[in-house]
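Below, read A as the first sequence line, B as the second, and so on, with proteins coming before strands; counting in each chain starts at 1.
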Amino acid sequence: MNQSSQTETKRDGSGSIVGTERRGVIHSWSRTLIPTAKDAPSDAEAPSHKLLSRGGFIRRVGAGIYEYLPLGWRVLTKISNIVREEMDAAGGSEFLMPALLPTELLKETGRAEAYGDLLFRFEDRHGRDSYLGPTHEEVITDLMRGTISSYKHLPLNLYQIQTKYRDEFRPRAGLLRCREFLMKDAYSFAMSVEGPGGLNEQYDAMDRAYQRIFERCGLDFTRVEAESGPIGGSASHEFMVNCATGEDTIMVCPKTGYAANVEKCETGPRKHDFAGDPSGELEEVHTPGCPGIEDVSKLMKVKPRNMLKTVVFKVQSTAADLEKFGEEWVLAVVRGDHDVNEGKVRDAAGCPVVLADAEEAKAKGFAIGFVSPRAAVGKKGVLLLVDPDAAQGVDTASGKPMFWVTGADKVDHHVKHFNWVRDLGKDPVEAERAGDKFLMVADIRNAVEGDPSPRAEGVALEAKRGIEVGHIFKLGTKYSEAMGFEILDEKQERRPVIMGCYGIGVSRTMAACVEMIHDENGIVWPAPIAPYHVILVPMTNDAASDVMRVACDLSGRLARAGCDVLVDDRDERPGVKFKDADLIGVPLRIVIGEKALAQGGVEFKVRTDAGKGEVVAVDGVVERCLAMLG
RNA sequence: CGGGGUGUAGCGCAGCUUGGUAGCGCGUUUGACUGGGGGUCAAAAGGUCGCAGGUUCAAAUCCUGUCACCCCGACCA
């Protein structure tokens, strides 16, 4: 086998094994597998799922598991190759790690627990605990600590394109949320954050590479600031394909271009004022079995925006930290129609926090589900954090006293007419003025549409939907410290290596592209990732005909010019071929029929144009294609 | 994990209430006619009705269990 492949290399017409110009492929529809269908499987809902299924790109094997048929694989290969080129250009080296891994690897970072049920775990026949990799930080850190021993080996950036596994509770939307999916993951290693070869430089290089990758793929995308999430680390950006059907919400400042996901998005300054007269006598209401805002809202017929939501956090830190911070609990208060943001609570409190364990909080005297801001007063070591929109004594819209409903601090009860000054247990206006360190007003909620932009005064944030296709993180030393990946620097000091990690959901990108752009006839591929650039539709498949001769000649010329060509040589009626050509979304269609051919022409049509297309001289059509494909 | 739903031919579905010969459309095969946006006619192939028990002379249909899958929610690099 080796021998024959060597021979073939020599037969390559170029006589060289490097630097040859790319030659396109020519495939016949009848000699590949493109099972198009009129009906999508009944479980397909998302447009990308329906169209990729109907077009014969993918086929479902099990929940969240898909076969990539030739058409689908061609698209994935094209995306992968763009990713490869840009990663290599940015200094990355491709390699491959296993997907099947011993769970032992996760011991040092504790991520088997952190991932929980999302991790595909099982025992092999010898009883060894194993898992299928959802990501590979531990694996590569383990590799590197056994391989790299000097700062002279750094900086480095390694990447792989590989199948990943996540045991999603609910896979959905076809390729958009799978249990098995194709992903590119890259990892960078550096000795410093700043300076040449440092993390920041590597991160910026990846940032630029990602922008080029998604531009080259022909995607309309937004780069947003993001929370780094469970992977950990210090800075992070997401690349979102702009698409109204996207699962993720991003916030955009229309003036400055600032963009962030809802979790990360800052808000501009918002005014607050606790002062204001009570809207009425404090009144207790029986709300049995209604700990949630929505239930209470329905039961009491009160709008969520008139309710105060109080969420109990526990400070998560060492005894020494406790001494320093002097607080053990954090009560975060936001308006009922807003969501508390844990990251912002952490930043405002100045220490790590976790959502309190219900039992533990109850033991401390918090009536979980029925807590009010008053619960913070009179207890030792409880910080009261209030979002500006909740810290209002007057309803700014009407000018009337603000009507608040909040918990009654006992199970199954809420109160009406809560007033900050009268009912808190201490005067918040006075407390603020005196610099009370157990009362703070700060932005602690997720941004919503209409919030003031943090970057431009008087400009409101807009909400947009997107599909996350890329994510880059500055990891820092999280993994190298946990796993003892330290090497000597030029001063002979042992230091943990500084890491970054960079992911692209390759299979998700394919689906996101279909979500982003399609029409009632089918998929519309951007040329760089289309499975074929041109589909030739001969109106007869009689091999001896002029039509077929021209089809052969044209496909050869197109391929030599670098176009991937699909020849629809099926014995089907024209209507069927046209419908299928539109469905699979090939950017250019050339119909070769006797009538036009008699005048030396063929019909040239761009996928998104209506009608038959335009008659172009056979001799000029290759150039025309190349011009259109840019 | 909570709520709802579905498993019948490759795909989409009917039949189940009221037990008795397994059906329709698309697709597939053969033949003829056709031939520029999913054609027409004729013939044919293809199903242990998710699986396992039970009731019954008889189960796709009723009962019990089980598995799988989907939708909404919760969760989510």
| query | With sugar-phosphate meaning primed atoms plus P, OP1 and OP2, does Asp185(A) contact a base, only sugar-phosphate, or nothing at under 4.0 Å between heavy atoms? | reply | nothing

| Nucleotide of G38(B), C75(B), C69(B) approaching Arg60(A) most closely (side-chain heavy atoms) | C69(B)

| Nearest-Å distance once atom P is located in both U40(B) and U34(B) | 15 Å

| query | Paired with U17(B) by Watson-Crick or G-U wobble geometry, both distances under 3.5 Å: which nucleotide is it? | reply | none

| said: Side chain of Lys579(A) only, heavy atoms from C-beta on: which candidate in G36(B), C71(B), G38(B) is closest? | reply: G38(B)

| For atom C1', what is the distance between U8(B) and C24(B), given to the nearest Å? | 12 Å

| message | Applying a 4.0 Å non-hydrogen cut-off, can you work out what Gly62(A) is touching in the nucleic acid: base, sugar-phosphate, or nothing? | response | nothing

| task | Would you classify Gly133(A) as touching base, sugar-phosphate or nothing, given that sugar-phosphate means primed atoms plus P, OP1 and OP2, and contacts are heavy atoms under 4.0 Å? | result | nothing

| said: Using Watson-Crick or G-U wobble geometry with both distances under 3.5 Å, which nucleotide pairs with G47(B)? | reply: none

| task | Could you tell me the separation between the CG atom of Leu119(A) and the P atom of A77(B), rounded to a whole number of Å? | result | 14 Å

| request: Nearest whole angstrom, please: distance from the C1' of C76(B) to the CG of Asn261(A). | output: 13 Å

| query | Given Ile590(A), which of Ile535(A), Val567(A), Leu558(A) fulfils the side-chain contact (heavy atoms from CB on, under 4.5 Å) condition? | reply | Leu558(A)

| Where along nucleotides 7-16 of chain B does protein come under 4.0 Å, by heavy atom, of base (B) or sugar-phosphate alone (S), with - for untouched nucleotides? | ---SSSS---

| Base paired to G36(B) (Watson-Crick or G-U; both N/O distances under 3.5 angstrom) | none

| said: One thing to verify: whether Arg111(A) and Glu138(A) come together as a salt bridge, which I'm taking to mean a side-chain N less than 4.0 angstrom from a carboxylate O. | reply: yes

| Gap between atoms CD and C1', on Glu520(A) and G37(B) respectively (whole Å) | 13 Å

| For atom C1', what is the distance between C71(B) and U55(B), given to the nearest Å? | 34 Å

| Gap between atoms CG and P, on Asp117(A) and G2(B) respectively (whole Å) | 13 Å

| query | Is it true that the side chains of Tyr187(A) and Asp185(A) contain a donor and an acceptor less than 3.5 Å apart? | reply | yes

| said: Return the pairing partner of C76(B) with a 3.5 Å limit on both distances, Watson-Crick or G-U wobble; otherwise return none. | reply: none

| said: Categorize Asp571(A) for me: base, sugar-phosphate, or nothing, with a 4.0 angstrom heavy-atom threshold over every strand shown. | reply: base

| query | Among Lys309(A), Arg445(A), Lys344(A), whose salt bridge (Lys or Arg N to Asp or Glu O under 4.0 Å) with Asp339(A) holds? | reply | Lys309(A)

| Going by atom types only, do Ser236(A) and Glu238(A) share a side-chain donor-acceptor pair under 3.5 Å? | no

| Rounded P spacing from U17(B) to C63(B) in Å | 9 Å

| request: Between C51(B) and G10(B), how far apart are the P atoms? Round to whole Å, please. | output: 13 Å

| message | Donor-acceptor check, side chain of Asp248(A) to backbone of Ile467(A), threshold 3.5 angstrom: yes or no? | response | no

| His49(A) or Cys178(A), whichever maps to the more 5' nucleotide of RNA chain B | His49(A)

| request: When you get a sec, tell me which of G38(B), C76(B), G37(B) is the closest nucleotide to the side chain of Phe578(A)? | output: G37(B)

| request: Looking at every strand, decide which applies to Phe181(A) at a 4.0 Å heavy-atom threshold: base, sugar-phosphate, or nothing. | output: base

| Looking only at side chains, do Tyr203(A) and His237(A) share a donor and an acceptor under 3.5 Å apart? | yes

| Do Thr109(A) and Tyr479(A) have side-chain atoms, one donor and one acceptor, less than 3.5 Å apart? | no

| query | Using a cut-off of 4.0 Å on non-hydrogen atoms, how would the nucleic acid contact of Asn521(A) be classed: base, sugar-phosphate, or nothing? | reply | nothing

| query | How would you label the contact of Arg54(A) with the nucleic acid (heavy atoms, under 4.0 Å): base, sugar-phosphate, or nothing? | reply | base

| Pairing partner (Watson-Crick or G-U wobble, both distances under 3.5 angstrom) of A60(B) | none

| Ring centres of His471(A) and Phe239(A) under 6.0 Å apart? | no

| task | Measure from the side-chain heavy atoms of Arg166(A) and tell me the nearest of C76(B), C69(B), G36(B). | result | C76(B)

| query | Which whole number of Å gives the distance between the C1' atom of A58(B) and that of G20(B)? | reply | 7 Å

| field | Separation of atom CD in Glu45(A) from atom P in U6(B), rounded to whole Å | value | 15 Å

| Quick one: Leu355(A) CG to A74(B) C1', roughly how many Å, whole number? | 14 Å

| message | Please pick, from A77(B), C75(B), C69(B), the nucleotide with the shortest atom-to-atom distance to any side-chain atom of His471(A). | response | A77(B)

| query | Under 6.0 Å between ring centres, would you say that holds for Trp29(A) and Tyr532(A)? | reply | no

| If we call it a pair only when both distances are under 3.5 Å in a Watson-Crick or G-U wobble match, what pairs with C11(B)? | G25(B)

| request: May I have the distance from Glu572(A) (atom CD) to U28(B) (atom C1'), rounded to whole angstrom? | output: 11 Å

| Base-pairing assignment for G31(B) (Watson-Crick or G-U wobble, both under 3.5 Å) | C41(B)

| query | Reckon Lys612(A) touches a base, only the sugar-phosphate, or nothing at all at heavy-atom distances under 4.0 Å? | reply | base

| query | Do any N or O atoms from the side chain of Ser545(A) and from the backbone of Met548(A) form a donor-acceptor pair under 3.5 angstrom? | reply | yes

| How many Å lie between CZ on Arg573(A) and P on C33(B), as a whole number? | 14 Å

| message | Using atom C1' in both nucleotides, what's the gap between A9(B) and C1(B) to the nearest angstrom? | response | 36 Å

| task | Please measure how far the P atom in G7(B) lies from the corresponding atom in U61(B), and state the result in whole Å. | result | 12 Å

| Toward the 5' end of RNA chain B, which comes first, Arg570(A) or Met183(A), by nearest nucleotide? | Arg570(A)

